[in-house]
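First the structure, in the form of structure tokens, and then the observations on it.
These values consider heavy atoms only, across backbone and side chains, with no hydrogens, waters or symmetry-generated copies.
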Amino acid sequence: MTNSRLYWAAMDGWTMTRRSIKHIVREKESLMMAIGLPVAIMIMFVAVFGGAIQTGTDYVNYVVPGVIITCAGFGSSIIAVSVTQDMIGGLFERLRSMPLHPSSLMVGHVIGGFVRNAIATTVVILVALLIGFQPEAGVVEWLGVIGILTLFMLSLNWLFVVFGLLVKNVETANAITFPMLFLPYVSSAFVPTETMPSWLHTFAENQPMTPLIETLRGLLLGTPIGTNLWLSIAWFGGLLIISFIVATILFKKRKTE
Amino acid sequence: MTDQVISVQGIKKRYGEHLVLDGLSFHVERGSIFALLGENGAGKTTMVRILATLIKANSGSAKIGGYDTDSESVSVKKLISLTGQYAAVDELLTGEENLQMIGRLNHLDHRTVKARTVELLEQFDLSGAAKKRVSTYSGGMRRRLDIAISLFANPEVIFLDEPTTGLDPRSRKNMWELIRKLANRGVTIFLTTQYLEEADQLADKIAVMNNGKIIETGTSEQLKSIIGKEKLELTFQDQASFDEASKVIKGQINESEKVISVETEGSTESLRRLLNTLHENQIEPVAMHFRKPTLDDVFLEITGKSTKGVSSND
């Protein structure tokens, strides 16, 4: 009984994921934005600011991890808007009146968003290689990169589902995602944190993006990782669990309100 | 004994201080069309959402097919389908994909999903647009698709929340036709509407709702006998002629608009008599037109109070 429930929950999640993937392919503007913006930012940083920023390495190598996570942020933020649209459009209501596991719709958004993240990230890395990015990572390190990025993206996607469930209209869904998108700038993503004023430096050193970026840098370029890997796993594993729980609670709350 | 597929007893629903549903009770017979008639904000959608297991009532009980909508919601979900006020269709998918998605979510096997999709598209006259994105559909087509989707798993009870709101007159007529066809197949239909005419056209039984209460239940004939006939509205230029007219003719009076509504069977004879009476008293209305009984008249007759501030003179 439990097995068949699990089976159907997975099948429903898959059905909704297929829908989300169709959306991604058909909403060309969103996909172009999710790919184009990080690529543009990367080129701008490398070509415009790169010459003036001293990081001790080739700037393109320094900046790629930061661009990858900015890219994931842009991609994930679209989820909040999609979730809000489904609620306003009545699809949530219809699915809730059907005998299926309520999380399948959210799972569809999260996994679908992950596919968009993966496409965008791949394009960003390819463009980075074209403009001089020289990673030193071997197979194990690349697998590590994929693993930590998967954790990061899934946790961020669940967080944006929470945002989408919290708001009542698409405009607010859009606006609420902005603070998240600026977080990478106040980290070691684009410049070493030592160059920031001390209060900002303290924030930048202790916010979750910095250990994530240092981990990626370590895996891709062989710089020391130290505790950053475990810190990243703790931050984003925690975010994943909390966001998932909050999303489920919010979903049920809307049901009984 | 009749077969009650929906039975609602003393349902109350409160949002904060506001009592949205104030002790609703009614029954719906299997295979019939039941209309919940009321204005915006009367509580119709809240009642539908409780029956469709989306929200819980504060007290009272609601049963569908013998199952409680709260404690046995999974069994209820298997019997019903909900078509909300706004077409819950996916704009970026095609009509066909929309149907297939819901078919899969109903846990039907691949072949059944395919066959049923083709069948429903044909039935709802959407075969030609099957492979087009819903964003290119007209309002009427969206509604048809929406209803086709809700029929996918052959539900026993269908909830249609204001199925024709926002549709043009022709699409509305088509929708009525469709609803009648569904009823002929033995499906129970629970619809909400703001239009008296719609309830009149479709429903076997109508419950009139106002401020969270059912104020009258009956067949359309029974309700019509309460609200009376067509009305003739006479508008007067100034207060003096309005006052004068209200003395010589009997009808509903609207002071602020200087309008008197008189019941009429619509014959030229009765019209002539009415205008002659006014003429003999040297009163000439500046405008006159016929008006079909509206929901407002129903409230007026039943509660003696109008929702729009029209007052009765007797």
Point-to-point distance, once rounded to the nearest 0.5 Å, from CH2 of A/Trp8 to CZ of B/Arg104: 11.0 Å
Selection from B/Arg133, B/Gln85, B/Gln100 maximising heavy-atom pairs under 4.5 Å formed with chain A: B/Arg133
Salt bridge (Lys or Arg N to Asp or Glu O under 4.0 Å) pairs, two or more places apart, involving residues 10-23 of chain A: A/Arg19-A/Asp86, A/Arg19-B/Asp90, A/Lys22-B/Glu97
Exercise: identify the closest heavy-atom pair between B/Ala52 and A/Ser97: O-CB, 3.7 Å
Which atoms of A/Met11 approach chain B - backbone, side chain, both or neither, heavy atom under 4.5 Å: neither
Beyond-backbone contact of A/Leu91 with B/Met101, side-chain heavy atoms, under 4.5 angstrom: yes
Proximal component of B/Thr83, with respect to chain A [non-hydrogen, under 4.5 Å]: both
Side chain proximity check, A/Arg26 to B/Leu93, heavy atoms < 4.5 angstrom: yes
pair B/Leu54-A/Glu93: side-chain heavy atoms closer than 4.5 Å: yes
Contact leader toward chain A among B/Leu105, B/Leu82, B/Ile102, B/Asp146, where contacts are heavy-atom pairs under 4.5 Å: B/Leu105
CG (B/Asn211) with more than 12 external heavy atoms under 6.0 Å: no
Sequence-distant partners of A/Asn169, side-chain hydrogen bond (donor to acceptor under 3.5 Å, both in side chains), two or more places apart: A/Thr172
Option that, when pairs with chain A are counted at under 4.5 Å, heavy atom only, ranks first among B/Val76, B/Ile149, B/Val89, B/Val74: B/Ile149
Over 12 non-hydrogen atoms of neighbours within 6.0 angstrom of CE in A/Met32: no
4.5 Å side-chain heavy-atom contact, A/Met98 and B/Lys78: no
Closest heavy-atom pair and its distance - A/Arg94, B/Ser150: NH2-CB, 3.6 Å
